[in-house]
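Residue numbers start from 1 in every chain, and the chains themselves are labelled A, B, ... in the order their sequence lines are given, proteins ahead of strands. No hydrogens, no waters, no symmetry mates; every other heavy atom, side chains included, goes into these values.
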Amino acid sequence: MKDNVLLQVSHLRTQFETKEGIIPAVDDISFTVERGQVLGIVGESGSGKSVTSMSILKLIEKYNGRILAGSSVKLEGRELLGLSEAEMCNIRGREIAMIFQDPMTSLNPVFTIERQMVETIVRHKKIGRKAARSAAVEWLAKVGIPEPEKRIREYPHQLSGGMRQRVIIAIALSCDPKLLIADEPTTALDVTIQAQILDLLRKLKDEVNAAIILITHDMGVVADMADHILVMYAGRALEYGTKQQIFKNPRHPYTKGLLASIPRMDRMEERLFSIEGNVPNLLKPVEGCVFRERCGYAREECGGCQPELLSLSDESRVSCLLYEKEAKESAHE
Amino acid sequence: MNDSNALLAVQNVKKYFKGTKGCYVKAVDDVSFSVTKGETLGLVGESGCGKSTLGRTVLNLVNATEGGVIYEGRDILKLPQREMRMLRKKLQMVFQNPYSSLNPRMTVLEAVRAPLDIFGIGTKEERFERSRDILRYVGLDEYQMYRYPHEFSGGQRQRIVIARAIISEPDFVVCDEPVSALDVSVRAQVLNLMQDIQKERGVAYLFISHDLSVVKHISDRIAVMYLGKIVEISPKEALYDRPGHPYTQALLSAIPIPDTDIVRERIILKGDLPSPMDPPAGCRFHTRCRFATEECRMKEPEMRFDESGHGVACHRWKE
Amino acid sequence: MKKFLLKRILIMIPVFFGMTILIFVLSNLTPGSPVDAMITADMTPADIEALYVRMGLDQPLHIQYLKWLGRLFQGSLGYSFRTGTAVTGVIGERVGPTLLLTGTALVLAIAAGVLLGVVAACKPYSIWDYMASGLSFIGAGVPTFFLALVFIYCFAVKLQWLPTGGMYANASTKDWMDVAKHLLMPAVLLGISMTGGYIRQTRSSMLEVMGEEYVKMARAKGMREKVVLYSHALRNAMLPVATQIGMSVPFLVGGAVVTEQVFGWPGMGSLMVLSITYRDYPVIMGVTVYTTCAVMVVNLLMDIIYALLDPRVRN
Amino acid sequence: MDRKRKENVRNSFWRNTVQKFMKHRVAMFSLVFLTVEILAVVLLPLLMDLDPYTTNVGCFSMAPDDRFLLGTDDVGRDVFSRLVYGGRVSILVGFVSALLSAVIGIPLGLLAGYYGGIIRMTIMRLVDIFMSFPAMIIQLVLVTVLGASATSVMLVIGLLGWTGFARLTYSKVISVKEQEYVEAARASGATNFRQMFQYILPNSLAPLFVQFSFSVASAILQESGLSFLGLGVPVPTASWGNMIYSAQSLSTLVYRPWMWVPAGMILVATVLSINFIGDGLRDALDPKMKI
């Protein structure tokens with residue numbers, strides 16, 4: 001079981017210093033990703049899901065952001081946070097690749113597709129330009145770009161959004177990474193194109209045997225793709241579980257509320273459940289549980305501190321005092 | 001379609017933009033529909049299909065190339081500017097981006113009161129009271145009235161925008177992607193507010209969105225747009241139970257459902273949206289359609305309706 | 001690319017006519033007429049009248065303009081009041097030195113501006129950053145002539161490293177090292193007056209570009225920081241800098257006038273000042289025509305460079 | 001009570017800007033310096049017995065002493081008095097020229113941006129034409145045509161400086177015009193006039209204030225440049241530029257620094273402080289910059 005762990009993130013804390021104060025963008029997040037598995041990280045804007053992925057790659061803005069001591073990110077048992085910048089450069093793109101949200105802006109507008117693909121392959125695979133180019137053409141064909149020989153000579157602005165996202169996927173997978181982080185890979189795309197891209201990711205995942213961290217705000221997308229799900233809110237992990245458990249038996253009041261507040265294609269409801277209030281401002285830390293102010297079950301004890309992630313079973317953890325008793329019982333078993 | 005109790009009837013509206021090299025972008029191409037009093041008509045489509053342009057054309061915010069919009073027995077697209085301006089009291093709009101749809105230099109009170117100021121409704125005190133009441137109604141406290149938009153969250157701003165749209169008691173509001181820019185947990189609040197308003201004030205919405213699940217939740221009827229044309233229009237149950245157009249079918253099946261039990265057959269459309277500058281001949285969808293035949297490539301399908309008012313523009317569809 | 005070039009050239013046409021009309025109007029506003037120089041004491045009013053007719057000055061203004069334009073295209077700009085020689089010849093001698101001075105200054109300014117701008121953006125709050133902002137403030141706030149006087153005082157008078165002015169120590173030898181020595185101070189000064197804008201523009205567009213998604217993506221692909229900065233970011237950041245450089249060329253010409261005057265550099269700028277003091281209008285107008293045309297040509301060149309840098313403009 | 005509170009908050013944007021500006025130390029210092037300087041050049045001639053014109057025979061090129069605070073120039077005029085009077089001229093030229101440029105440029109930019117079409121084409125092509133001219137050359141020609149005087153210098157600098165304002169206003173207006181709140185105003189029935197003046201212009205003003213301050217600095221520099229060439233403000237009227245003109249002779253440059261160094265220093269200090277104020281203003285008006 002332990003050998004199967006590809007990535008282990010523990011007690012990750014990332015902060016940004018701004019003129020108004022310190023923003024604890026990611027506050028004590030722990031999770032693991034197993035080989036070949038898809039972990040979905042779900043959260044709204046400001047939940048810290050993107051910062052988590054950038055922290056794993058150590059790509060936090062240097063001038064105002066930092067990963068606090070005590071955080072740990074281990075890839076196959078190797079601690080990444082202690083690595084030098086040069087060593088990290090060999091990890092990025094090679095071991096851990098990333099797909100960004102907006103295909104319109106993530107390709108360099110002044111370079112051809114060829115240049116952007118070849119430079120990555122040459123950088124990591126130590127092969128000549130010619131070999132790299134033919135590898136690049138092959139990858140373009142694999143991600144479903146018609147006429148790859150012609151397309152590779154084009155500039156990003158000559159491709160549609162869906163095509164660009166395919167190119168980005170091809171770049172990400174071209175060095176056979178062990179882990180692929182996809183940060184909102186389909187948010188900027190139309191539904192029919194989103195379906196194409198998700199379909200492509202599903203197919204390629206088996207082919208290259210990479211694990212995926214899929215970051216999204218769309219519960220539908222994780223239901224479609226993920227094996228495990230981590231629910232984040234205001235920089236905290238509130239719940240972790242298998243996909244089935246999260247959708248069938250959500251435990252945290254936030255997860256419950258979130259699922260109930262989404263209009264569903266498969267149901268008719270007169271009125272949506274709504275979580276009152278607004279997403280908290282991270283500059284003004286909430287006392288106690290981050291969800292307390294919007295929670296229907298909030299009690300006095302919730303004002304103390306953020307509850308630990310309580311293990312309810314092997315694969316289910318929740319950060320909520322409601323489950324204290326249950327957690328104790330499961331620990332006894 | 002029975003136009004007898006229609007609040008607003010859109011008839012053969014076209015909007016062409018001048019593109020490069022003398023080409024025309026046919027953003028809206030010969031679209032007709034009507035909206036009855038107090039109903040919500042959902043308008044869905046992917047980006048670039050012309051749904052936002054259609055919404056603006058209906059309100060005469062962009063000049064239509066052709067066609068008419070009949071409201072209270074008059075074609076509002078042909079009204080003189082002055083009369084059109086006065087009519088805007090009854091025809092309002094809610095915008096997509098709550099961060100850019102409020103003037104950053106005006107307080108919330110001024111923003112919401114603006115329509116009353118413009119139309120000169122009531123005395124100064126009355127206007128103030130009405131603005132205060134409506135802001136309370138959408139859930140803002142009185143002490144927040146003198147604040148500027150940047151001090152509010154996205155959800156609160158969208159409430160303010162809605163308050164501004166309904167303060168002049170319109171019959172019809174075009175809502176252009178009103179919840180797309182909002183966080184998931186805040187969307188439900190705004191959607192519920194919009195439903196409450198409709199119930200209490202009987203206002204009709206044209207609800208434009210790319211999100212089929214949201215449209216389904218709020219609409220009574222739904223129109224699906226593809227490349228400047230409405231390809232299917234129907235009461236919502238019929239549309240979701242028996243989608244007639246292959247595009248609607250693909251669109252419906254493409255939406256991921258937040259549930260793990262439902263296994264559906266997925267229809268994955270091939271290729272990208274063709275350019276609206278140079279739409280395919282015949283049926284505009286034939287380049288991506290699974291069922292396309294020679295007829296589809298040659299002849300453009302007419303919209304046909306069954307007796308329940310379910311209309312589909314596809315050669316294959318049997319009513 | 002061809003289409004783009006054609007478009008740029010077509011846009012230049014109205015600009016060219018606008019400019020020549022303006023210059024023509026100005027030259028008509030200048031007191032005196034070309035005939036004045038030819039009038040001798042023994043001429044009768046009828047003779048003068050005949051002279052006017054011969055010169056075409058009796059014709060309506062737009063005809064005069066077209067004729068003037070025709071002569072312009074043939075390269076004739078009239079005769080200098082001061083020396084009596086052809087204006088083209090007078091200016092011809094001056095073009096070389098001015099091009100040398102402005103060219104050197106521009107190269108220095110761009111090199112320093114881009115270099116410092118990039119370093120300042122990549123290493124904020126470093127000594128380079130402070131140097132860059134210091135230099136950009138000097139460039140923006142200290143008039144060139146004042147700085148020139150300070151420089152002459154320090155380097156020429158007190159330290160005696162460099163000559164106080166002129167282009168050669170001995171005009172007959174034309175030794176390159178000697179010219180370089182004379183060139184150094186004026187070129188650096190003119191460069192400083194230009195470089196401030198380039199530093200600011202490079203720094204701010206570098207900072208902006210470094211926040212772009214494609215830079216993040218280049219990092220996430222495992223590109224080394226140097227490649228990310230100097231290949232991915234810089235290439236994009238240079239686009240607005242190229243625009244800025246193009247727009248600043250008219251100011252370079254203005255700066256050259258002052259610099260040449262202070263250092264006695266035998267270029268078109270000092271010729272301009274000289275001609276103004278002598279009211280030598282044909283030469284004044286000639287210099288104006290030359291410089292505006294030069295600016296237009298440089299602008300076209302910048303457009304081409306811009307298109308080479310940005311594929312989105314090209315197609 | 002209610003109304004009073006309303007008035008207070010109504011100004012919150014400007015109050016906020018002022019607060020942010022006050023935190024900008026260099027800009028605040030510059031503002032204080034500039035204020036003191038303007039007060040000095042306006043008030044000192046009223047308070048002190050300053051005479052910038054009389055040539056004191058026998059006192060040519062005197063070094064600073066008790067009688068002449070900053071010495072005398074080569075024809076025996078008091079340098080300190082000339083510095084003060086020159087300040088009046090230079091600063092006035094700076095503000096008037098910048099104002100002239102703004103008055104011409106802003107309406108043209110607003111028209112071009114709001115209406116588009118042929119109006120936009122004409123105005124923006126005109127801007128292109130003016131921007132390709134080497135301004136200095138045209139200024140020299142114009143000054144020779146108009147005759148050198150403080151007024152013609154103001155006119156010439158102001159008339160050629162409008163393009164900056166026009167371009168900036170234009171680009172700001174077209175971006176603000178696309179904002180949804182302008183469309184919202186139209187959807188609520190606002191007239192063109194209301195849209196322009198209640199929605200577009202207030203949101204376009206901020207960068208124009210910044211541009212104005214940089215324009216003043218630039219006009220002062222241009223005036224000094226022209227005067228330095230002997231083609232700007234003509235003697236005996238004093239301006240900082242024509243005071244430095246004297247240093248074109250090598251002996252003045254080396255042996256009589258009091259004739260040109262003070263004028264140069266005060267000129268640099270003035271231009272720099274206006275630039276700093278502009279910088280501070282830009283930061284203070286930038287909604288993205290927080291205190």
What distance separates A:Ile262 CD1 from B:Leu191 CG, expressed to the nearest 0.5 Å?
12.0 Å
Heavy-atom distance under 4.5 Å to chain B: side chain of A:Ile275, backbone, both or neither?
both
Atom OH of A:Tyr297 with >12 non-hydrogen neighbours under 6.0 angstrom:
no
Between A:Gly161, A:Gly162, A:Ser274, A:Ala260, which has the largest tally of heavy atom pairs under 4.5 Å with chain B?
A:Ser274
Locate the shortest heavy-atom distance separating B:His217 from A:Pro263; write the atom from each residue and the value.
CB-CB, 3.6 Å
Name the region of B:Ser153, side chain, backbone, both or neither, that has any atom closer than 4.5 Å to a heavy atom of chain A.
side chain
When A:Gly220, A:Ala223, A:Ala195 are compared by non-hydrogen pairs under 4.5 Å with chain B, the top option
A:Gly220
Can you name the nearest heavy-atom pair linking B:Arg288 to A:Ile193, along with the distance?
NH2-CD1, 4.0 Å
Contact leader toward chain A among B:Asn192, B:Leu269, B:Val184, where contacts are heavy-atom pairs under 4.5 Å:
B:Asn192
Which side-chain hydrogen bond (donor to acceptor under 3.5 Å, both in side chains) pairs, counting each pair once, include a residue from residues 236-247 of chain B, with sequence neighbours left out?
B:Glu46-B:Tyr247
Atom of B:Asp183, atom of A:Glu44 and distance for their closest heavy-atom approach
CB-OE1, 3.1 Å
Heavy-atom closest contact (A:Thr192 atom, B:Ala254 atom, distance)
CA-CB, 4.4 Å
Please list, in residue-number order, every residue in residues 240-252 of chain A that has a heavy atom less than 4.5 Å from any heavy atom of chain B; write 'none' if there are none.
A:Lys243, A:Gln244, A:Phe247, A:Lys248
Heavy-atom closest pair, residues A:Val221 and B:Pro256
N-CB, 3.7 Å
Based on non-hydrogen pairs under 4.5 Å, which of A:Met219, A:Glu276, A:Arg271 is most in contact with chain B?
A:Arg271
Is A:Gln196 reaching over with its side chain to a backbone N or O of B:Ile268, donor-acceptor style, under 3.5 angstrom?
no
Top of B:Gly45, B:Gly48, B:Gly155, B:Ser185 for chain A proximity - count of heavy-atom pairs under 4.5 angstrom:
B:Ser185
